[in-house]
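Please read the structure below before turning to the comments.
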Number of protein chains: 2
Amino acid sequence: MNTKTTLLNSAEDLVRSRGFDGFSYSDLATQVGIRKASIHHHYKTKADLSLALITRYRGVFMERLAEISAQEPRASGRLLSFLDLYRDAMRGGRSLCLCVAFSVTQTALPKDSTAQLEGFHADVAQWLETVFRLALHDGTLRGVTTPRAEAHAALATVEGAQIMARAAEDATRFEAAIDTLRARAI
Amino acid sequence: MNTKTTLLNSAEDLVRSRGFDGFSYSDLATQVGIRKASIHHHYKTKADLSLALITRYRGVFMERLAEISAQEPRASGRLLSFLDLYRDAMRGGRSLCLCVAFSVTQTALPKDSTAQLEGFHADVAQWLETVFRLALHDGTLRGVTTPRAEAHAALATVEGAQIMARAAEDATRFEAAIDTLRARAI
DNA sequence: GTCTATACCTAGATAGAC
DNA sequence: GTCTATCTAGGTATAGAC
C-alpha cells in the first residue's frame, strides 16, 4: 500500500479515537513510521487532510447504505442494519463514526470540508427518510409519524448515543440509547 | 460582582460556544479585561476551572428540572419543558448545553470533572425516567415502552440534536430532530 | 519521497514586583 | 489581586540537502 493511503488510514483511526484536534502530525508520523515533515508532501496542510478524510469516508459509508438497501427489502431490516453500522463504528466505545467525530471538532475546518460534512449528513438523513417512508407501506416499523421527522430524530439519536457512550467509555450506553429504536422493528 | 464569578460566567460562555479546548486563558483574559496571569490566581489550572464550571452548572440545571417537576404535574408538560430547556440552551445554534460541550471535549479532563459529568448525565437520565414512568400512569405521552430505555433515548436525541444543529449552524435542525419527541405529548 | 533542521506561533503555567 | 516578564512544551508549516 502506498504511503498516502497508509497515512489516510492512520489519520482516520486517530480522528475517530481522539478527534481531529486531538492528534498532531507528530502523532501521525510516529504511527506510520515516517517523519512529520514527510506528511506535508502528501497532505500539504492538516486542512487538506481533513477534506481527504471526509470525502473518502462519505463515499464508503454511502456504499454501505446502498448495500443495505440492496440486501434488506423491508424497512425494519434496513433500520436494524443501520443501527448495527453505527454500533460497529464505535469499536466498543473507543471510537466514533468519522462523521460524528468531525461534527464535534472545535477548530474551524475549511469550507470544502464542512460542505462535505453537511452533504454527508444530508445524504444519511435522506436515506433514513426513504426507510421510514417504506415503513409506511410495508408496516414493519411501529408508530411511524412523518418520515422526514423520523429520519432526523433517528440520526440525532445514534449520534448522541455515540457521544454519550464515548464520554462514559462504556459501549453499553449506546445500546441503551438506541433500544427504543430497535424495539420499533416488527 | 467579584472577579472569580465574572471569570466563571465568561468561561461558561466560551466553553458552550467554542468548547473547552477551543478557548485559552488568553481569550478569557481579553473577554474579562484582565491579564491571563491573573486568572491563575482564581483558578490555578484550567482543570480546576473545568471542575468549577461543571459543578456549578450541574447544580443550576438540576434546580431547573426540580422547578419543572413542581410546576408541571403531567408527564407531557414535563417532557415539553425539558425540550424547551435544551432548545433555549442553544441560543439559536451558536451554543451548546455545557454538559454536551464537555462531553465532546477531546483532552483528558481531570477525574473530578469527569465524575461530575457522569453524575450529571446520570441525574438527568434519572429525572427523565421518572417522567416516562409517570406517563405510564397518567397516559399523557404516546407509545411509552420501558421508562429507562425511553429516558436514555430522549437524552441521546437532544444531545445529538444540539450537535447537529451546531455543526450546521442552523437551529432549526434541533427542532427537526426533536419533533417526534414533541409529537408524543397528548 | 524522505530526511534534518528550524521558523513561528500559541498554549498553560510560574516568579516576583507592586 | 493584578501586573510584567519569562519558561517550557507543543503545534503547524517550510527550506533545502540527500
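Convention: sequence-line order gives letters A, B, ...; per-chain numbering from 1.
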Expressed as a whole number of angstroms, how long is the span from A:I34:CD1 to C:dC3:P? 6 Å
Heavy atoms under 4.0 Å, any strand shown: does A:Y43 hit a base, just sugar-phosphate, or nothing? nothing
Taking only the side-chain heavy atoms of B:K36 (C-beta and beyond), determine which of C:dG12, D:dA13, D:dT12 contains the nearest atom. C:dG12
When the distance from CZ of B:F23 to P of C:dG12 is rounded to whole Å, what number comes out? 8 Å
C:dG12 P sits how many Å from B:H42 NE2, rounded? 17 Å
A:R18 vs B:Q106, side chain to side chain donor-acceptor pair (under 3.5 Å): CA-CA, chis, key distance, verdict: CA-CA 6 Å; A:R18 300 196 218 161; B:Q106 321 281 14; over 6 Å; no
Base, sugar-phosphate or nothing for B:S38? Non-hydrogen atoms, less than 4.0 Å. base
Take the protein atom CG of A:D48 and the nucleotide atom C1' of D:dT12, then report the distance between them rounded to whole Å. 12 Å
Identify which nucleotide among D:dA13, C:dC3, D:dG11 has an atom closest to any side-chain atom of A:A37, counting heavy atoms from C-beta outward. C:dC3
Under 4.0 Å: is that the gap between some side-chain N or O of A:H41 and OP1 or OP2 of C:dT2? no
Nearest whole angstrom, please: distance from the C1' of D:dT2 to the CZ of B:R35. 10 Å
Nearest-angstrom distance from the residue atom CZ of B:R18 to C1' of C:dA11: 14 Å
Nearest whole angstrom, please: distance from the P of C:dA11 to the NZ of B:K46. 9 Å
Calculate the interatomic distance between B:K44 atom NZ and C:dA15 atom C1'; express it in whole Å. 11 Å
Could you tell me whether B:R184 and B:E150 have a side-chain N and a carboxylate O separated by less than 4.0 Å? yes
Pair A:E118 + A:K111, salt bridge at N-O below 4.0 Å: no
Are OP1 or OP2 of D:dG11 and a side-chain N or O of A:S24 less than 4.0 angstrom apart? yes
For the pair B:R78 (side chain) and B:S69 (backbone), establish whether a donor and an acceptor sit closer than 3.5 Å, ignoring hydrogens and angles. yes
Is B:R182 salt-bridged to B:D179, cutoff N-O under 4.0 Å? no
Residue-phosphate contact under 4.0 Å: B:T3 side-chain N/O, D:dT2 OP1/OP2: yes
